[in-house]
Amino acid sequence: EEYRRPAGRFDYAVGWYDGGYVRMTDDHRPTGKPITGVRHTRRVLSVTREYWLVLDSLDGDRGGEVPVEVRWTFPPSETSVDQHTKSIRTRRNDVRLRLTHANPHELSVRIAEGEKLPSAGWWSPGIEARRVETGPAPDALVTHRAPLPVNFATLSLIEEDHQISPVPQIVSSALHGRATGRFRIQHGQGTDLIMVTDEAALLAPQAIPDLQVDAELLFARLDSKGHP
């Protein structure tokens, strides 16, 4: 729905959906009544040539705990999950991708491939292609059960054989309410402080004293001494 390209080193995009959800049969027919009153917002921050931070937030008026699933669909590839860290690694030809999560101890992660009931683990090269023509491929299913709002944060990066500096990783995070949260991402050049929230003006001074901001996104690169 929205795309913003701030001057500098990163891109930022926001989209949302609130049209309702329904479980489909394997032959793509709906089952039961649609689930309404839930809004899914996805925010994507791309730090040029370094990593992507994907933030998924679900909010609504449904009471009690609800099951929530984020699905990462890959083309045919070697894909696995480290059940200790809940990180996902996938390799296709010479390209290797790693996905890690904030608060991984709260999540369940598994790989599905060629499953039919319910349908999971299928891939097609284009919108018009039929799944039966392409065959199975890995889906990474990340699930959680909690009262709304529910937030997921996923850090994605390309792994390189000759990477000298430490790979980026989420070293701390805070996810709460509609405010998607605060993140510290450590890498070879220092630490990135990221706040992606509806209330950044309230959160920013807690991390950087005397900083005033009225924005949805705050990005600050700190050196090894913690200076912007």
Side-chain angles (χ1 to χ4, degrees), residues 1-4 11-46 52-73 86 88 99-110 112 115 117-122 127 139-156 170 172-185 193-207 213-219:
E1 296 289 344
E2 298 181 16
Y3 173 73
R4 306 162 196 175
D11 293 336
Y12 179 57
V14 183
W16 57 86
Y17 172 78
D18 58 4
Y21 297 86
V22 64
R23 183 173 292 279
M24 307 293 287
T25 64
D26 190 50
D27 55 356
H28 307 290
R29 290 181 295 180
T31 61
K33 295 181 179 180
I35 298 173
T36 58
V38 178
R39 179 185 176 95
H40 174 209
T41 302
R42 171 166 285 185
R43 299 172 172 91
V44 180
L45 174 66
S46 171
W52 297 265
L53 182 62
V54 181
L55 307 172
D56 290 292
S57 302
L58 289 98
D59 200 359
D61 54 10
R62 295 180 62 84
E65 291 189 345
V66 296
V68 179
E69 177 183 277
V70 173
R71 181 175 300 195
W72 300 99
T73 298
K86 305 298 176 68
I88 303 165
L99 283 71
T100 58
H101 313 282
N103 302 331
H105 61 281
E106 299 178 353
L107 306 176
S108 175
V109 185
R110 73 179 184 92
E115 297 182 6
L117 294 174
S119 179
W122 299 91
I127 296 176
D139 275 351
L141 310 181
V142 183
T143 58
H144 183 45
R145 189 177 185 92
L148 295 177
V150 175
N151 298 298
F152 292 86
T154 306
L155 184 69
S156 174
I170 300 175
S172 68
S173 63
L175 302 171
H176 52 89
R178 294 184 61 208
T180 303
R182 294 173 289 170
F183 306 90
R184 287 185 179 272
I185 298 179
L193 174 65
I194 299 172
M195 299 179 187
V196 185
T197 170
D198 296 335
E199 302 162 356
L202 300 176
L203 294 178
Q206 301 177 25
V213 60
D214 182 12
E216 181 178 323
L217 170 69
L218 169 67
F219 177 92

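None of the values given here were measured: they were computed from a predicted structure. Residue indices begin at 1 and follow the sequence shown.
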> side chain to side chain contact (heavy atoms under 4.5 Å, CB included) between Thr41 and Val14: does it pass, once the steps are laid out?
Replying inline: CA-CA 7 Å; Thr41 302; Val14 183; 4.1 Å; yes
> Ser57 versus Arg43: any side-chain heavy-atom pair under 4.5 Å?
Replying inline: yes
> Between the main-chain N or O of His101 and the side-chain N or O of Lys86, is there a donor-acceptor pair closer than 3.5 Å?
Replying inline: no
> Should Ile88 and Val142 be marked as a side chain to side chain contact (heavy atoms under 4.5 Å, CB included) after you check the CA-CA gap, both sets of side-chain angles, and the distance that decides it?
Replying inline: CA-CA 10 Å; Ile88 303 165; Val142 183; 4.2 Å; yes
> Considering all heavy atoms of both residues, which atom of Leu107 and which atom of Ala102 are nearest to each other, and what is their separation?
Replying inline: CD1-O, 4.3 Å
>> Side chains of Arg42 and Val70, heavy atoms from C-beta outward: is any pair under 4.5 Å?
In response: yes
>> I need the minimum non-hydrogen distance between His144 and Ala146, along with the two atoms involved.
In response: NE2-CB, 3.5 Å
>> Contact between Leu55 and Asn151 at the side-chain level, heavy atoms closer than 4.5 Å - yes or no?
In response: no
>> Give me the atom names and distance for the closest heavy-atom approach of Ala112 to Leu141.
In response: CB-CD1, 3.9 Å
>> Strictly distance-based, threshold 3.5 Å: is any side-chain N or O of Trp122 a donor or acceptor partner for the main-chain N or O of Asp139?
In response: no
>> Which heavy atom of Leu148 sits nearest to which heavy atom of Leu58, and what is that distance?
In response: CD2-O, 3.6 Å
> What residues form a salt bridge (Lys or Arg N to Asp or Glu O under 4.0 Å) with Glu69, not counting sequence neighbours?
Replying inline: Arg71
